[in-house]
S.K.: 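Take this structure first; my questions come after.
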There are 2 protein chains.
Amino acid sequence: MLRLTKKADYGLMALKYLAEHAGEPSLSAKDIAEAYHIPPQLLAKILQKLTREGLLRSHAGMNGGYSLSRDAKEISAFEVIRAIDGPLFITSCTTGTSTCDLTASCTIKEPLARVNESIVELLRNTRISDLLDHSGREEAPPELVTIASVS
Amino acid sequence: MLRLTKKADYGLMALKYLAEHAGEPSLSAKDIAEAYHIPPQLLAKILQKLTREGLLRSHAGMNGGYSLSRDAKEISAFEVIRAIDGPLFITSCTTGTSTCDLTASCTIKEPLARVNESIVELLRNTRISDLLDHSGREEAPPELVTIASVS
DNA sequence: TGAACTCAGACTAATTTAGTCCTATACTCA
DNA sequence: TGAGTATAGGACTAAATTAGTCTGAGTTCA
Ligand code: SF4
Ligand code: SF4
C-alpha cells in the first residue's frame with residue numbers, strides 16, 4: 001500500500017531519460033522501452049497519456065517520438081503521477097468510483113486529508129531534474145565528485 | 001495508487017476511538033466496529049495484529065476488549081500502518097514478494113527512495129493524538145523534506 | 001508506396017485488497 | 001463448573017485494482 005503504480009514509475013523513468021537526452025531530436029517509445037526493458041506497448045500508452053496531459057510533445061511518423069514540452073526543472077513528479085494515475089488521494093473516500101460508504105461516520109477523513117496535502121506538496125516540490133543523477137554513488141566509483149557537485 | 005489500504009484506515013479509526021475513550025476500561029472489537037460500521041470480523045483481525053505488534057493491549061473474556069498500550073501522543077500513524085500493512089515502500093522494488101526485475105537498470109530507484117523516506121518521516125511525525133478533533137487548531141505542520149533540500 | 005512511428009480502445013491476466021467462515025482458546029461471573 | 005463473551009488465528013472466497021496484450025487505425029517522410 002501507499003505504493004506508486006509501475007505505470008507512474010515507468011513514466012518517471014521515461015521523463016528522466018528524455019531529460020537526459022534533451023539534445024537529441026526525438027526518442028521513440030520503443031527506444032526508451034528498450035533502454036530500460038519496459039514492455040514497449042505499455043510504455044507507449046503511458047507516453048500517450050503524458051502527451052495528452054501536455055507534459056510531452058509527440059511527433060508521429062518515421063523518426064518520430066517524444067520530447068519534453070517543458071524544461072525538466074518545470075515538471076514535477078506530482079504532475080506525472082497525476083497524469084498517469086489520476087488525482088492523488090491516500091484515502092479511498094474519493095476515488096471517483098465507489099466512494100467509501102463510511103464518509104458519514106468517519107472521523108479521520110479530515111486529518112488524513114491534511115497528510116494527503118503534505119504528500120502532494122512533497123511531490124510537487126520534486127521535479128524531474130531532481131531525479132537526474134548527480135550523485136552516482138551506486139555503481140562504479142564516480143570520477144571526481146567535488147564538494148560543489150554534492151551540495 | 002499511493003493509497004492507504006482500508007485496513008490501515010480502519011486501524012487508525014479504531015486507535016483514535018480508543019484514544020478518545022481512554023478512560024473507559026476496555027472496548028471490544030464489536031463496539032468499535034459498530035460505532036463506525038466497519039465489518040466486525042475484519043476489524044477484529046486488525047486489532048489482533050496491532051496487539052501482536054505491541055500497540056494495543058488485549059483482554060479476553062467477558063467485558064474484555066482492547067486499550068492503547070501507550071499514550072496517544074506516543075503512537076505514530078507510521079507505526080499503525082506498518083503494523084497492519086508491513087513496511088512502507090512507494091516503489092515496487094522491495095515488496096518482499098516479487099521484486100521488480102528492473103532494479104538493475106533502474107535509475108530512479110535511489111531518488112525515489114529519498115521521497116519514500118520523506119513520506120515515512122511525515123507519517124512518523126503524525127501521531128494518533130493529532131487525529132483527535134481539535135478543529136481550528138493550527139498544529140505545527142509536519143516538516144517537509146524535499147529532495148532538493150536533502151542535498 | 002511502405003517502413004517506422006503515434007494514437008486509441010477493448011481485452012485478458014496477474015496481483016493485491018477486502019471481507020467471510022470456522023475453529024480454538026482465554027477469561028469472567030453467576 | 002459451565003454458560004457466555006471475548007480474543008486469536010488460519011484458510012478461504014470475492015472484489016477491485018494494476019499490469020500487460022492485441023488489434024486497428026492515422027501520420028510522416030523518404
Ligand atoms: S471515509 Fe474515512 S474510512 Fe472511508 S476512506 Fe475516507 S478516511 Fe478512510
Ligand atoms: S526498480 Fe525502478 S522501476 Fe522497479 S520498482 Fe524500483 S523504482 Fe520502480
Side-chain angles (χ1 to χ4, degrees), chain A residues 1-11 14 18 25-34 36-53 56-67 81 84-86 88-92 95-102, chain B residues 1-11 14 18 25-34 36-53 56-67 69 81 84-86 89-92 95-102:
Chain A
M1 39 66 60
L2 219 32
R3 195 168 303 139
L4 238 42
T5 62
K6 284 203 175 176
K7 287 182 191 177
D9 216 350
Y10 295 162
L18 286 169
S26 218
L27 290 163
S28 74
K30 193 161 148 271
D31 291 337
I32 304 174
E34 279 172 359
Y36 290 119
H37 310 108
I38 301 173
Q41 310 219 52
L42 183 53
L43 181 63
K45 313 221 70 156
I46 294 168
L47 296 179
Q48 286 163 28
K49 222 171 203 170
L50 289 172
T51 303
R52 248 176 289 153
E53 301 286 331
L56 293 180
R57 242 193 282 278
S58 67
H59 186 202
M62 271 188 98
N63 297 319
Y66 298 89
S67 55
I81 293 169
I84 295 174
D85 287 328
L88 168 50
F89 293 109
I90 61 172
T91 54
S92 318
T95 292
T97 69
S98 78
T99 299
C100 167
D101 53 342
L102 271 62
Chain B
M1 36 68 58
L2 220 32
R3 196 169 304 141
L4 240 41
T5 62
K6 285 203 174 175
K7 287 184 190 175
D9 217 350
Y10 295 162
L18 286 169
S26 221
L27 290 162
S28 74
K30 192 161 148 270
D31 292 337
I32 305 175
E34 278 171 0
Y36 291 120
H37 311 108
I38 299 173
Q41 308 219 55
L42 183 52
L43 182 63
K45 310 220 73 152
I46 294 167
L47 296 178
Q48 284 163 30
K49 222 170 205 171
L50 290 171
T51 303
R52 247 176 288 151
E53 301 287 331
L56 294 179
R57 241 192 283 277
S58 68
H59 187 202
M62 273 185 99
N63 298 318
Y66 297 90
S67 55
S69 70
I81 293 170
I84 295 174
D85 287 328
F89 292 110
I90 61 173
T91 54
S92 318
T95 292
T97 69
S98 76
T99 299
C100 169
D101 52 342
L102 271 61

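Just so we're on the same page: letters track the sequence lines, and every chain starts at 1.
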S.K.: Please report the distance, rounded to the nearest Å, between CZ in R3(B) and C1' in dA18(C).
M.R.: 14 Å

S.K.: Return the value, rounded to whole Å, for the distance between atom CG of D31(B) and atom P of dA6(D).
M.R.: 7 Å

S.K.: Nearest whole angstrom, please: distance from the C1' of dT17(C) to the CE of M1(B).
M.R.: 16 Å

S.K.: How would nucleotides 24-30 of chain C be written as a contact map, 5' to 3', with B for base contact, S for sugar-phosphate-only contact and - for no contact, using protein heavy atoms under 4.0 Å?
M.R.: --BBB--

S.K.: Quick check for you: among dA19(D), dG19(C), dC7(C), whose closest atom lies nearest to any side-chain atom of T5(A)?
M.R.: dA19(D)

S.K.: Report the residues that fulfil side chain to side chain donor-acceptor pair (under 3.5 Å) with T5(B), sequence neighbours left out, ordered by chain and then residue number.
M.R.: D85(B)

S.K.: Suppose we screen for side chain to side chain donor-acceptor pair (under 3.5 Å). Which residues come up paired with S28(B), at least two apart in sequence or across chains?
M.R.: D31(B)

S.K.: Determine: side-chain N/O of S28(A) to OP1/OP2 of dA4(C), distance under 4.0 Å, yes or no.
M.R.: no

S.K.: Check I46(B), I81(B), I38(B) against K7(B) for a side chain to side chain contact (heavy atoms under 4.5 Å, CB included) and give me the one that passes.
M.R.: I46(B)

S.K.: Side-chain N or O of Y10(A) less than 4.0 angstrom from OP1 or OP2 on dG20(D)?
M.R.: yes

S.K.: Report yes if a side-chain nitrogen or oxygen of R52(B) is closer than 4.0 Å to either non-bridging phosphate oxygen (OP1 or OP2) of dG9(D); otherwise report no.
M.R.: yes

S.K.: Can you tell me how far C1' of dA6(D) sits from CZ of R57(B), to the nearest Å?
M.R.: 18 Å

S.K.: Send over the distance from I84(A) CD1 to dG20(D) P, rounded to a whole Å.
M.R.: 13 Å

S.K.: Please give, in whole Å, the distance from dA13(C) P to K6(A) NZ?
M.R.: 19 Å

S.K.: In residues 39-50 of chain B, which ones come under 4.0 Å of DNA chain D, going by heavy atoms?
M.R.: K45(B), Q48(B)

S.K.: Rounded to the nearest Å, what distance is computed from the CD1 atom of residue I38(A) to the P atom of nucleotide dA19(D)?
M.R.: 12 Å

S.K.: Rounded to whole angstroms, how far apart are CG on L2(A) and P on dT18(D)?
M.R.: 13 Å

